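Inspection log for the structure reproduced underneath, given as structure tokens.
Ligands are counted one by one from 1 in listed order, and the atoms in each one are counted from 1 as well. In this text the structure is predicted, and so the values were computed from the model without any measurement.
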Amino acid sequence: MIPFNVPIHVGEELKYIEQAINNRRISGDGEFTRKCSRWIEKRFGAQKVLLTTSGTSALDMAMMLCGLRAGDEVILPSFTFSSTATSIILGGGVPVFVDIRPDTMNIDEKKIEAAITDRTRAIMVVHYAGVSCAMDEIMSIAARHGLKVIEDAAQAFMSTYRGRACGTIGDFGCYSFHETKNYSMGEGGALLIRDREYNERAEVLREKGTNRSKFYRGEIDKYTWIDFGDSYLPSELNAAYLWAQLERADEVNDDRLRSWRRYHDGLKALTDRIEIPSVPEDCRHNAHMFWIKLRDLEERTAFIDHMRALGIGCVFHYVPLHSAPAGLKYGRFDGVDEYTTRDSDRLVRLPMWYGLSDDDVDRVVEAVKKFLGVTL
Ligand SMILES: *Cc1c(COP(=O)(O)O)cnc(C)c1O
């Protein structure tokens, strides 16, 4: 059996969790929370990193920091996870979906400007599969129209665009450390803040509306309730799990990239029958996923069944948000849906995880060839 995903475990996780227990500090903002956030700040050149309880809560915090007013609009792709859109609704806004580009499955930067109205306040981009959106174009549209940019970089930890880390380019960046992502803490995430002026408000949001973070740093001698907030600070136990992987971040990234390239080499001769990912020159990706696109929904269903029969787990996603029940209720699609629905029906993800062996990649490639009737 080759599972679709195996949650990452590099070896030292338990040791660090035990250390957190011995530190007598298992709630948040202790040694491991600090170590992880400082590591990310240094490595990616981020002004401020706050660990959160999930990628979703990082997105929620980012939208709250944008300070939307009821009816304000946020532009985003429809081909994404529900969290991207729910953060906008919780923040009081209206999601306005635009089409994606078929090569990367990222928001089509050329469709953004037409969707801007006098209610538009922000653009929420998603770096799908860890491949960056066209950030230079998107940042200049935002600058021209005075819009905030939020990067849903849930899948893009360790990815870069023109040498800059995904998540550090927009006003806010959001990572996920869910067990399906390249680096994990079980459930968790991180919020990246570009402009210093938001740091304090973000800490208050994360600490139930109090200035407890300042108190812990010894900057004030008692803490109090100063604004609305929520509980977004993860436990030290989760941060300790993540720390083991950050210590080996390059090894993990290289391992995934090796599998990705092996898939690419194995399948590139088949591009008259299937589509495979292409990575724009400006982007260094993190091998979050290897997808292929089949002819249509029917062929994809047959493909997943074929792979399952051979003991290989393959999955598809997403149901485009604009056609999902909540999307119909809360949002709208701007422009023509040329690729979102058509290509989401055709896309399937092959097994991809840290530690996936070359032999297993070869087995998957052979199974794809067998499905397509390619003689070996
Ligand atoms: C995984 C993911 C999220 C949500 O992250 P959680 O940590 O599971 O809350 C949001 N957006 C995208 C694009 C994701 O892939």
Stepwise salt bridge (charged side-chain N to carboxylate O under 4.0 Å, His left out) test for Asp296 and Arg346: CA-CA 5 Å; Asp296 52 24; Arg346 303 165 55 212; over 6 Å; no

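In this structure, His288 has its ring center at least 6.0 angstrom away from the ring center of Trp260. In this structure, the ring of Phe157 has its center less than 6.0 angstrom from the ring center of Phe44. For an aromatic pair to be called close, the ring centres must be under 6.0 Å apart, and Tyr128 with Phe79 satisfies this.
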Donor-acceptor pairs under 3.5 Å, side chain of residues 20-30 to any protein atom, not counting sequence neighbours: which ones?
from: Asn22; atom 1: ND2; to: Glu18; atom 2: O; distance (Å): 3.4
from: Asn23; atom 1: ND2; to: Glu31; atom 2: OE1; distance (Å): 2.7
from: Arg25; atom 1: NE; to: Gly28; atom 2: O; distance (Å): 3.2
from: Arg25; atom 1: NH2; to: Gly28; atom 2: O; distance (Å): 2.9
from: Arg25; atom 1: NH2; to: Asp29; atom 2: O; distance (Å): 3.4

May I have every N or O pair linking ligand 1 to the protein at under 3.5 Å, one per line with atom names and distance?
from: ligand 1; atom 1: 5 (O); to: Ser176; atom 2: OG; distance (Å): 3.3
from: ligand 1; atom 1: 7 (O); to: Gly55; atom 2: N; distance (Å): 2.8
from: ligand 1; atom 1: 7 (O); to: Ser176; atom 2: OG; distance (Å): 2.7
from: ligand 1; atom 1: 9 (O); to: Gly55; atom 2: N; distance (Å): 3.4
from: ligand 1; atom 1: 9 (O); to: Thr56; atom 2: N; distance (Å): 2.9
from: ligand 1; atom 1: 9 (O); to: Thr56; atom 2: OG1; distance (Å): 2.5
from: ligand 1; atom 1: 11 (N); to: Asp152; atom 2: OD1; distance (Å): 3.3
from: ligand 1; atom 1: 11 (N); to: Asp152; atom 2: OD2; distance (Å): 2.7
from: ligand 1; atom 1: 15 (O); to: Gln155; atom 2: NE2; distance (Å): 2.8
from: ligand 1; atom 1: 15 (O); to: Lys181; atom 2: NZ; distance (Å): 3.2

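For CD of Glu200, the number of neighbouring non-hydrogen atoms (other residues, nucleotides, ligands) closer than 6.0 Å is 12 at most.
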